[in-house]
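All figures in this text were calculated on a predicted structure; none of them were measured in a lab. Only this structure's heavy atoms are used, side chains among them; waters, hydrogens and symmetry mates stay out.
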Amino acid sequence: MSTRIAFLKGHGTENDFVIVPDPENALDLSPAAVAALCDRRAGIGGDGVLHVVRSAAHPEAREMAAEAEWFMDYRNGDGSVAEMCGNGVRVFARYLQHAGHVAEGDLTIATRAGVRTVHLAKDGDVTVGMGVARLPEGEVTVTVGERSWPARNVNMGNPHAVAFVADLGHAGDLYTAPPVSPAAAYPDGVNVEFVVDRGPRHVAMRVHERGSGETRSCGTGACAVAVAAARRDGTDPAVTGTPATYTVDLPGGRLVITERPDGEIEMTGPAVIVAEGEIDADWLARAVG
């Protein structure tokens, strides 16, 4: 390993990431190394790490290399592996543009949840094709303190429990994961969204992200919320035959989510690169060691 490792810092609606370019998959980013990088006091700080690897160089992405040159090897802030991160895909695409690998327009990115289509617009927004939501059957309940709510189980390539509440303050501090039952519904943990209405097809949310705690934004969570809201409101596009678009306000900004009659979901929002520099590999070795 070289004594210094290139990195960048970026965010999408203030869901922030340490970006580590590693085209040939030469770095050993252990869970401890990822957690050290994401530490907001002793490291760089971030909700997760975007490990940028060519699909052909990563064993989990080689089968997708013909469809997408680049693989988003995403890790949560605690070092655990995640299937998908919607805000992360937008920032990942912005990095590829920043580095000169892609230009404005359309591209594809491989993720553990499959290949995602991305559009880099001239106005700076990034639109991601998020695929089709799955709605596992069975009742789910979310609890905070003495309050409990029924929740919608939505899978966006990663698992979500969406609860509609009267006040976002009812979500509590979200430092720890809110209990969700039955636990068997989410054997690998779950992202939990708390949602209030702001107006017609306009909601606001807070989220506890599995492996990261409360974050300023969650792209897959915003998609899950829009899907759950459409079912609640009777605007399921598969039933009505017309797209359903919801504006979703998060602590870090605003995302616009559209679900089409064929089930495809698009998420549009900003993505920003804010800094770049070098990680001291000796520091990283000491931090994990």
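Enclosure of atom CZ in Arg232 by more than 12 non-hydrogen atoms of other residues, nucleotides or ligands within 6.0 angstrom is indicated. Glu139 CD: 12 or fewer foreign heavy atoms inside a 6.0 Å radius.
Here the CG-CG distance, from Asn76 to Asn191, works out to 8.0 Å after rounding to the nearest 0.5 Å. Put simply, CD1 on Ile273 and NE2 on His98 are 6.5 Å apart, with the number rounded to the nearest 0.5 Å. The line from CG of Asn25 to CG of Leu27 is 8.0 Å long, rounded to the nearest 0.5 Å. Here the straight-line distance linking atom CG of Leu255 with atom SG of Cys223 works out to 8.0 Å at 0.5 Å rounding.
With Arg94 as the fixed residue, the side chain to side chain contact (heavy atoms under 4.5 Å, CB included) test singles out one of Val102, Val126, Val118, Ile19: Val126. Only one option out of Asn87, Val49, Leu8, Leu37 pairs with Phe17 in a side chain to side chain contact (heavy atoms under 4.5 Å, CB included); it is Asn87. Looking at Glu83, Glu63, Glu60 one by one, the single match for salt bridge (Lys or Arg N to Asp or Glu O under 4.0 Å) with Arg112 turns out to be Glu60. Tested against His160, the residues Arg152, Glu209, Glu193 include a single side chain to side chain donor-acceptor pair (under 3.5 Å) partner, Glu193.
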Arg90 and Thr13: side-chain contact (heavy atoms from CB on, under 4.5 Å), yes or no, with the steps? CA-CA 10 Å; Arg90 295 201 319 279; Thr13 50; 3.8 Å; yes

Please test Trp70 against Phe92 for side-chain contact (heavy atoms from CB on, under 4.5 Å), starting from the C-alpha separation and ending with a verdict. CA-CA 9 Å; Trp70 296 96; Phe92 191 99; 3.9 Å; yes

Would you please test Val89 and Thr111 for side-chain contact (heavy atoms from CB on, under 4.5 Å) and show each step? CA-CA 9 Å; Val89 172; Thr111 77; 4.2 Å; yes

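Side chains of Asp125 and Thr268: no donor on one and acceptor on the other come within 3.5 Å. Side-chain N/O atoms of His119 and Glu266 include no donor and acceptor closer than 3.5 Å. Side chains of Asp233 and Thr235: no donor on one and acceptor on the other come within 3.5 Å.
Both Met156 and Val207 are part of a single hydrophobic cluster, where members link through side-chain heavy atoms under 4.5 Å apart.
Salt bridge Asp47/Arg75: absent, no basic N to carboxylate O contact under 4.0 Å. The residues Lys9 and Glu276 are annotated as not salt-bridged, no charged nitrogen and carboxylate oxygen being separated by less than 4.0 angstrom.
Within the 4.5 Å cutoff, side-chain heavy atoms of His208 are placed close to those of Pro178. By the 4.5 Å heavy-atom criterion applied to side chains, Pro270 and His11 are not counted as neighbours.
The six-membered or imidazole ring of Trp149 lies near that of Phe194, with a centre-to-centre distance under 6.0 Å.
Cation-pi check for Arg54 over Phe71 is not met; the charged atom does not lie both under 6.0 angstrom from the ring centroid and within 45 degrees of its normal.
Between the side chain of Arg216 and the backbone N or O of Asp16, no donor-acceptor pair lies under 3.5 Å.
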